[in-house]
Amino acid sequence: MKYDYKAIEKKWQDKWEEKKAFRVEVDKSKPKYYALVEFPYPSGAGLHVGHPRSYTAVDIIARKRRMQGYNVLFPMGWDAFGLPTENFAIKNHIHPKIVTKDNVARFTSQLKSFGLSFDWSREIDTTDPNYYKWTQWIFLQLFKHGLAYKKEMAVNWCTSCKVVLANEEVVNGTCERCHSEVIRKVKSQWMLKITEYADRLIDDLETVDYIERVKLAEINWIGRSYGADVDFTTTAGDKLRVYTTRPDTLFGATYMVISPEHPYIEKWADKLTNYNDIIAYREEAAKKSDFERTELVKDKTGVKLEGVTAINPVTNEEIPIFVSDYVLITYGTGAIMAVPAHDTRDFEFAKKFNLPIVEVVAGGNIEEEAFTDVETGVMINSGFLNGLEVKEAKKKITEYLSEKGIGTPKINFKLRDWVFSRQRYWGEPIPLVYCEKCGWQPIPESELTLTLPEVESYEPTDNGESPLANMTDWVNTTCPKCGGAAKRETDTMPQWAGSSWYFLRYCDPKNSDFLASKEALDYWMPVDWYNGGMEHATLHMLYSRFWAKFLYDIKVINCIEPYKKRTSQGMILGEDGEKMSKSRGNVINPDDIINSYGADTLRLYEMFVGDFEKTATWSSQSIKGSKRFLERFDSLSDMLKDKTDLSIEQAFHRTIKKVTLDIEDMKFNTAIAAMMSLMNDIYNAGGLDKHYLEVFTRMLAPFAPHICEEMWERLGHNDFVSFAAFPEYDEELTKVASAEIAVQINGKLKGVITMNVGSSEADVFTVIGKTEKFTAALEGKTIVKKIYIQDKIFNIVVR
RNA sequence: GCGGAUGUGGCGGAAAUGGUAGACGCGUCGGUCUUAGAAGCCGAUUCUCAAUGAGUGCAGGUUCAAUUCCUGUCAUCCGCACCA
């Protein structure tokens, strides 16, 4: 019988759909399991071969849980707002809604062809007004709780297209589309105060099970540092505040630096004799794009302030102040104390401007480079700190500064507030209204959804406003507070908005009264296992955790963390070992693979290709092995015999154990290898009985569901194997009777002997003594030592 | 520069706690079947000068024993980018 994957896969996909096999409801009589994969952006290109890697892995988990009796929620949907769709719409004059609909149709049929056990009745779409009503609702709550505010911000501005660009659209400092210069332009933007949650976003990571690199990426991105704010008196008669993580090096602060945007430049304008030079420098710095700034990282520039100096509060020495763009206005206080001996950047700057370098921590060679180590150094040239280790010095100086009123302990973060406005059409309208009298006002919640109006053109306007700004009928409205004339916000939300809470909507996607019912949220949340790309470790993960924490605070959900467990798959590279891309022509289309090998083979191959978390290279040669394995499995029904050999029975129990444990560790590749080994053993034994073929079918079902359903039916069942019990193993039967013991002399392998499991050292040595090849090797040597590792190694050390 | 990985046969990759390196798969070679071939099936397959040999990027070290631990070093990939 030939393995007819096309017929089999079609047949079972239809049956699952027809019987609504994977549809779930809240059922408190069963334990729940919420398995989640990142919902895709339905691009025009369709799915690529990387998508099924993540989806199949979590599908295997979901299917295994179902077979273990869990009520499994495994949903799918569309993160459909976004720039590529909008750009496609602009170029081809098609409404983004239509573009989205077409792309979703294509994605859906592709996903269904993989045999993934999604509950399609819960499909969601972030661009559906019934969905984004709640995105807007959450925004309104953030606004009402003071977590949304408007701020003047520098944005990317393309000088040729005259539009605001998202960071993703700026490539090497130029516009992605026209390649002309991109400059920074100040615009008023909506911001979300994610920084208010910075501590919790770090600290609560201790309560979740994320793979280490994801945790680290989040922690580094948030970038919490402990230090102190210190005030330096200046000759202008005021105080200049700096932030430092190294207050212990205060005695070594030989100059100060303020950022070009620092407000004191204006404040000190009349005292600065070289004010014009400073302004010229500031303008020069403003003109530099991000690209130029990073290009010039190595080369420090700056201007010394003439007319104002500062006093080092512990040495009482007068020190100069510089303005330089290596100090950022957006971090700390926008001003630093420079300690060239112990900070690499200050060291470079001091070398260039010939500034004094005073060593205050002994242990390095400051002739050569800054000594930044905080573990080993001892304080010198530092008055009352002399002789202390860095950590103690830090404590002592911080206390001293507090007592004298010149400094306070301070924690800073690299994390910035979230820029939440986009001057774009294809996004959720921000549900706020501006009234001259009352300021920014939320629209009444009863008026949600504030739907995206139909516009003539999706192009951003000349002055960088969203296309919605031209819709005067829509823009002009009344103030919900005073009833006077008011204007709607025309900016829309970023693509990240819809994906920041979608996992909540899946719990109860049709609910029209609330984002999801309390009952559904309490039952399904938190997500038990969330898998997704490493590229989302910082942005999407932080944004959605932030929203979830906020929703916890306002008592919408009752878990402090939305995701219990987070894992991440490796990328799949093209056959040439390079990232798949259209321009390189190395893209593998999953449709082609399914057509020539079938979905089960594709699934199995993607799981077998290598360690799930590592990047893997596609091989159209190797995939044949996965197909062969399934063909061999298919033929097992022709190899039935009355009784399975004991050795095969034992092999089964060992394999079930390995597969069971490996799935939990996402070691799918070794789980499949174990099943292949078992298959070889069965072939060597000439077959197996019906019972064990059923066991094999249930064990393989999560990996290759179609062929297993077919086998299950062939074996006389009329229910789905997808809901049969996952096999369990008998620990006793996993044990083997005999052990192969490696015999070594001086650690070198000399041979292997077979002994009963649990043989004593004396027994093993007796056998060795009776074995010719070992006695020959030991002849004339003195045995110094014998090392016996139970059932594994017998090493004889000789002289 | 900082942070995170990775380096094992011709290839993809296996090897809790240090304990027979190369599981499993691809490829290759041989056998079987066949008029012949393909597909199956069975077997072999780290290397070489075939040994008391060498071997997990390279150089050392600890150990009876190292892919695994330690020190140094090289290479590749991915993030971040002057965060004081």
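No hydrogens, no waters, no symmetry mates; every other heavy atom, side chains included, goes into these values. Below, chain A is the first sequence line, B the second, and so on; all start at residue 1.
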Using a heavy-atom cut-off of under 4.0 Å over every strand shown, decide if [X] touches base, sugar-phosphate, or nothing.
X	value
N412(A)	nothing
K667(A)	sugar-phosphate
F629(A)	nothing
R224(A)	nothing
E212(A)	nothing
T617(A)	nothing
E740(A)	base
S225(A)	sugar-phosphate
N795(A)	base
I789(A)	base

When the [atom1] atoms of [N] and [M] are considered, how many whole Å apart are they?
N	M	atom1	answer
U20(B)	G30(B)	C1'	28 Å
C80(B)	A14(B)	C1'	34 Å
A15(B)	G7(B)	P	12 Å
C47(B)	G40(B)	P	25 Å

Watson-Crick or G-U wobble partner of [N], both distances under 3.5 Å:
N	answer
C58(B)	G72(B)
G40(B)	U32(B)
U20(B)	none
U45(B)	G27(B)
C82(B)	none

side-chain hydrogen bond (donor to acceptor under 3.5 Å, both in side chains) partners of K641(A), counting only residues at least two apart =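 K641(A): side-chain hydrogen bond (donor to acceptor under 3.5 Å, both in side chains) contacts with D645(A).
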
Output the rounded distance in Å from [atom1] ([X]) to [atom2] ([N]).
X	N	atom1	atom2	answer
L749(A)	G22(B)	CG	P	10 Å
K786(A)	C64(B)	NZ	P	17 Å
H536(A)	C78(B)	NE2	P	18 Å
D373(A)	C2(B)	CG	C1'	15 Å

Closest to side chain of [X], choosing from [options]:
X	options	answer
N680(A)	U20(B), A84(B), G25(B)	G25(B)
V797(A)	A84(B), C42(B), C64(B)	C64(B)
V752(A)	G19(B), C41(B), U20(B)	U20(B)
N220(A)	A15(B), C26(B), G3(B)	G3(B)

request  = Before giving the answer on salt bridge (charged side-chain N to carboxylate O under 4.0 Å, His left out), spell out for E38(A) and R566(A) the whole-Å C-alpha distance, their side-chain angles and the decisive distance to 0.1 Å.
outcome  = CA-CA 11 Å; E38(A) 286 171 350; R566(A) 169 75 181 190; 2.8 Å; yes

task = Have a look at G61(B) and give me syn or anti from its glycosidic angle (syn if within 90° of zero).
result =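 Anti, since the glycosidic angle lies more than 90° from 0.
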
inquiry  = Would you say R632(A) places a side-chain N or O within less than 4.0 Å of OP1 or OP2 belonging to C41(B)?
reply    =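 Yes, because at least one side-chain N or O of R632(A) sits under 4.0 Å from OP1 or OP2 of C41(B).
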
